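What follows is one structure encoded as structure tokens, with my remarks underneath.
Quick caveat, the model's predicted, so the values are computed rather than measured. Within every chain, numbering begins at 1; the chains are lettered A, B, ... in the order of the sequence lines, protein sequences first and strands thereafter.
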2 protein chains.
Amino acid sequence: MIYSSELIKGTLKTIVLKLLNDNKKMYGYEITQRVKEMTGEKIQITEGALYPTLHALEQEGLLTTQVEYMGKRVRKYYSLSPEGKAKTKERVKEFASFMDTMAFLLDIKPKIA
Amino acid sequence: MIYSSELIKGTLKTIVLKLLNDNKKMYGYEITQRVKEMTGEKIQITEGALYPTLHALEQEGLLTTQVEYMGKRVRKYYSLSPEGKAKTKERVKEFASFMDTMAFLLDIKPKIA
DNA sequence: TACAATGCATTGGTTTCTTATGTATCTTTG
DNA sequence: CAAAGATACATAAGAAACCAATGCATTGTA
């Protein structure tokens with residue numbers, strides 16, 4: 001089962017920031033695979049969505065890049081800038097609060113962890 | 001604090017369906033006010049978003065309408081159809097699962113209720 | 001009597017994502 | 001060894017969902 005793309009709207013930036021926060025540096029393709037793996041394929045990030053998002057985050061000054069070569073193949077690694085780290089904390093916190101609000105609105109019982 | 005509109009994207013239909021599920025019948029303006037009130041103003045539904053959504057849900061056969069007059073003022077009440085009720089259950093369940101997935105991805109601890 | 005609130009609705013524009021396509025390299029398999 | 005699939009980047013056209021602004025009309029309030 002894959003979540004309807006409607007649900008995932010608006011969460012992509014937060015996911016990317018959080019992954020980079022926990023992994024120091026990652027490249028685009030790696031991000032798509034990691035998310036697929038971590039969510040049991042329930043969230044699939046398409047490259048057409050990811051790359052523009054990465055470029056946007058870089059433009060915003062939240063990410064820095066460094067290119068590496070594996071043989072002849074290019075890899076573009078992304079890392080959080082200091083502002084990116086701050087922004088990540090902010091966004092994750094906001095999302096957590098949003099989830100609480102939604103859980104209340106939809107009368108969803110929190111899962112016991 | 002109001003949640004960034006980015007976050008709320010994709011949740012509007014679910015919210016509307018759930019409210020109608022719990023309240024038998026509601027009119028548009030009432031929905032905007034109820035959500036504002038239930039979320040401590042953290043979620044604001046604009047009318048430009050709500051009315052097209054209500055019309056879409058009606059087109060999908062999930063809602064039925066009945067017009068009532070309060071003096072000269074029109075009120076258009078929306079109610080769930082049987083398919084709407086089924087869809088609501090489905091969507092809320094999907095959202096709950098999505099929240100679990102996101103909590104895991106973002107490493108968010110569930111709030112103790 | 002003016003302003004705010006109630007109540008419906010649409011329109012134009014933006015953001016965000018999807019689908020499709022393009023280029024190139026590396027690995028696996030028949 | 002050729003073809004297919006995986007890896008890896010990227011863009012472009014279009015759809016979907018939402019926001020901000022506006023419009024109309026009625027009711028309540030200062």
Review point. Looking for any heavy atom pair under 4.0 Å, which part of the strands does A:E30 touch: base, sugar-phosphate only, or nothing?
Key: nothing
Revision key, fill the gap. Which of D:dC18, C:dT16, D:dA10 is nearest the side chain of B:L12? It is D:dC18
Point to revise | Separation of D:dT7 C1' from A:Y77 OH (nearest whole Å) | key: 12 Å
Point to revise | Residue A:Y27, side-chain heavy atoms: nucleotide from C:dC17, D:dA8, C:dG7 that is nearest | key: D:dA8
Review point. Taking for each residue the nucleotide of DNA chain C with the nearest heavy atom, is it A:L50 or B:G48 whose nucleotide lies nearer the 5' end?
Key: B:G48
Point to revise | Residue mapping more 5' on DNA chain C - nearest nucleotide basis, A:K72 or A:K13 | key: A:K13
Review point. Taking atom C1' of C:dA9 as reference, at what distance in whole Å does atom CZ of B:R75 sit?
Key: 17 Å
Review point. According to a strict under-4.0 Å criterion, is A:Y51 in side-chain N/O contact with OP1 or OP2 of D:dA10?
Key: no
Check your understanding: How would you label the contact of A:T46 with the nucleic acid (heavy atoms, under 4.0 Å): base, sugar-phosphate, or nothing?
Key -> base
Point to revise | Spacing of B:E60 atom CD relative to D:dA17 atom P, expressed in whole Å | key: 9 Å
Exercise for review: Would you check if the side chain of B:T14 reaches a backbone N or O of B:V92 as a donor-acceptor pair within less than 3.5 Å?
Suggested key: no
Check your understanding: Base, sugar-phosphate, or nothing for A:R73, non-hydrogen atoms under 4.0 angstrom?
Key -> base
Point to revise | Atom-to-atom span, CE of B:M70 to C1' of C:dT6 - whole angstrom | key: 11 Å
Study note, to complete from the structure: Atom CD of B:E6 and atom P of C:dT14 are separated, to the nearest Å, by 17 Å
Exercise for review: Report yes if a side-chain nitrogen or oxygen of B:H55 is closer than 4.0 Å to either non-bridging phosphate oxygen (OP1 or OP2) of C:dC8; otherwise report no.
Suggested key: no
**Study point:** Side chain of B:E47 - closest among D:dA10, D:dA6, C:dC8
**Key:** C:dC8
Review point. Roughly how far apart are B:L63 CG and B:M26 CE, rounded to 0.5 Å?
Key: 12.0 Å
Check your understanding: With the threshold set at 4.0 Å, does a side-chain nitrogen-carboxylate oxygen contact exist between B:R91 and B:E94?
Key -> no
Check your understanding: Under 3.5 Å, is there a donor-acceptor pair between the side chain of A:S79 and the main chain of A:K24?
Key -> yes
Practice item. Give the rounded distance in Å between these two atoms: CD1 of A:I8 and P of D:dC18. Key: 15 Å
Practice item. May I have the step-by-step check of side chain to side chain donor-acceptor pair (under 3.5 Å) for B:Y3 and B:T39, ending in yes or no? Key: CA-CA 10 Å; B:Y3 296 129; B:T39 63; over 6 Å; no
Exercise for review: Take atom NZ of A:K9 and atom C1' of C:dT18, then tell me their distance rounded to the nearest Å.
Suggested key: 8 Å
Check your understanding: Rounded to the nearest Å, what distance is computed from the OH atom of residue B:Y78 to the P atom of nucleotide C:dG7?
Key -> 14 Å
Revision key, fill the gap. When B:T53 and A:L54 are each assigned the nearest nucleotide of DNA chain D, the 5'-most assignment goes to A:L54
